[in-house]
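Computed from a predicted model, the values in this text were never measured in an experiment. Chain letters run A, B, ... following the sequence lines, proteins first, then strands; residues in each count from 1. Note: hydrogens, waters and symmetry copies are ignored here, and every other heavy atom, side chains too, is used.
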Protein chains: 2
Amino acid sequence: MKKTIFVFSALIIALLVLFQLGKYSYVSGNLSIEIAIAAIAIVFFVIGVFINRKTLRQKPENRTTINHEKIEQLGISEREYEVLVHISKGLSNKEIANRLFVSESTIKTHVSNLLVKLDAKRRTQAIQNARSLQILAA
Amino acid sequence: MKKTIFVFSALIIALLVLFQLGKYSYVSGNLSIEIAIAAIAIVFFVIGVFINRKTLRQKPENRTTINHEKIEQLGISEREYEVLVHISKGLSNKEIANRLFVSESTIKTHVSNLLVKLDAKRRTQAIQNARSLQILAA
DNA sequence: TATGCACTCATACTAAAGTACCAAAATCCC
DNA sequence: GGGATTTTGGTACTTTAGTATGAGTGCATA
């Protein structure tokens, strides 16, 4: 926000400066109005480019919004989703079991359910499908 | 590419038009050079904004630039990388073997080598590591 | 209360995945 | 031509992953 204000201030100043230049070249006998115009065009073109770049560069960071409705829609429970996240991080069933303080059997059950709900045959495919459904962060 | 050419053509035409406008306002007795200059500034500012938006909107699609140097650095061969890509798509060793017209044994060898080179214990972890190394598209 | 759902866990399998070790072609490069 | 690297493939084995089935617990709610 502060940057936007700064850029606009610079924009106004540039406008005033160019007005003065325009007047001067007019008074001093039409030295080169065209060059002044070209300069104005270039300056404001560059300003336009810069402003846009700064505003658009912030978007790519929060690009992956997790689709919570989709998760519900697929009937994936909270615990199952938790397991899914751990799978996508590359953990084995045993490792996930340790992190969630449950037995490996439990994780296997969750994984099996996840594979059905995500229409996958393998956990790697589940990751891929979940990503394309925007259920997992890219 | 074609769009870029079109935009630049439009840009040049706009420049010429504004030159003419500038001359006219000068000849017709200093009607309002300042207004003309303001118009030029606004027009080129808008053009700058538009060009940037079009060029930056294409990036989010191929936002993940694959780091080819990293692949080399890790000593991952072409064939191994090919296998890695298929793994990330969620294919089994057998499926990869069929797609690449080689035996499953060969794929297993490639996968084992990949796991060492990517410092992973499982294929899911290999995917995750490869992604964080920007070797695979997100 | 009982009915359903989520979570838990176990057993017994089958199927993949991954390791270790070896080795023959094929390709590349000096 | 010959060495290095890549690609291919095999066997034998261990480890994970995944399936099928059944069952107990807790919790919310009709």
Determine the contact category for B:S103: base if any of its heavy atoms lies under 4.0 Å from a base atom, sugar-phosphate if only primed atoms, P, OP1 or OP2 are that close, otherwise nothing.
sugar-phosphate
Quick one: side chain to side chain contact (heavy atoms under 4.5 Å, CB included) partners of B:N98, sequence neighbours excluded?
B:K94
Residues that [X] engages under side-chain hydrogen bond (donor to acceptor under 3.5 Å, both in side chains), provided they are two or more places apart:
{"X": "A:S112", "answer": "none"}
{"X": "B:N93", "answer": "B:R123"}
{"X": "B:T109", "answer": "none"}

Between [N] and [X], is there an OP1 or OP2 to side-chain N/O distance shorter than 4.0 Å?
{"X": "B:S77", "N": "D:dT6", "result": "no"}
{"X": "A:H110", "N": "C:dA6", "result": "no"}
{"X": "A:S112", "N": "D:dG18", "result": "no"}

Could you measure the distance from the [atom1] atom of [X] to the [atom2] atom of [Y]? Nearest 0.5 Å is fine.
{"X": "A:E82", "Y": "A:H86", "atom1": "CD", "atom2": "NE2", "answer": "6.5 Å"}
{"X": "B:S103", "Y": "B:K108", "atom1": "OG", "atom2": "NZ", "answer": "10.0 Å"}
{"X": "A:H110", "Y": "A:S77", "atom1": "NE2", "atom2": "OG", "answer": "6.5 Å"}

Take the protein atom CD of B:E104 and the nucleotide atom C1' of C:dA17, then report the distance between them rounded to whole Å.
9 Å
Atom CD1 of A:I107 to atom P of C:dA10: distance rounded to whole Å?
12 Å
Quick one: salt bridge (charged side-chain N to carboxylate O under 4.0 Å, His left out) partners of A:K117, sequence neighbours excluded?
A:E80
With sequence neighbours excluded, residues passing salt bridge (charged side-chain N to carboxylate O under 4.0 Å, His left out) with A:E104:
none
Which ILVMFWY residues are connected to A:L114, directly or by a chain of links, through side-chain heavy atoms under 4.5 Å apart?
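Hydrophobic cluster check, A:L114: joined to A:I66, A:I71, A:L74, A:I76, A:Y81, A:V83, A:L84, A:V85, A:I87, A:L91, A:I96, A:L100, A:V102, A:I107, A:V111, A:L115, A:L118, A:I127, A:L133, A:I135, A:L136.
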Which pair of heavy atoms, one from A:A126 and one from A:A120, lies closest together, and at what distance?
N-CB, 3.5 Å
Where is the tightest heavy-atom contact between B:Q128 and A:K89, given as atom of each residue plus distance?
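Nearest pair, atom of B:Q128 first, then A:K89: CG-O, 3.9 Å.
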Can you tell whether the side chains of B:E95 and A:R122 come within less than 4.0 Å, N to carboxylate O?
yes
Short N/O separations, protein against nucleotides 12-15 of chain D, under 3.5 angstrom:
none

Axis-to-axis angle between the two ends of the helix from C:dT1-D:dA30 to C:dC30-D:dG1 (five base pairs per end, rounded to 10 degrees)
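Inter-axis angle at the ends, rounded: 50°.
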Other residues, nucleotides and ligands only: do more than 12 of their heavy atoms fall within 6.0 Å of CG on B:N67?
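Buried by this count: over 12 neighbours within 6.0 Å.
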Please list residues of residues 113-127 of chain A whose heavy atoms come under 4.0 Å from any atom in DNA chain D, ordered by number; otherwise none.
A:L115, A:R122, A:R123
Under 4.0 Å, heavy atom to any atom of DNA chain D: which of residues 79-97 of chain B qualify?
B:R79
Are B:Q134 and B:K70 close enough that some pair of their side-chain heavy atoms sits under 4.5 Å apart?
no
Along nucleotides 21-30 of chain C, 5' to 3', which nucleotides get a B, which get an S, and which get a -, given that the test is a protein heavy-atom distance under 4.0 Å?
----------
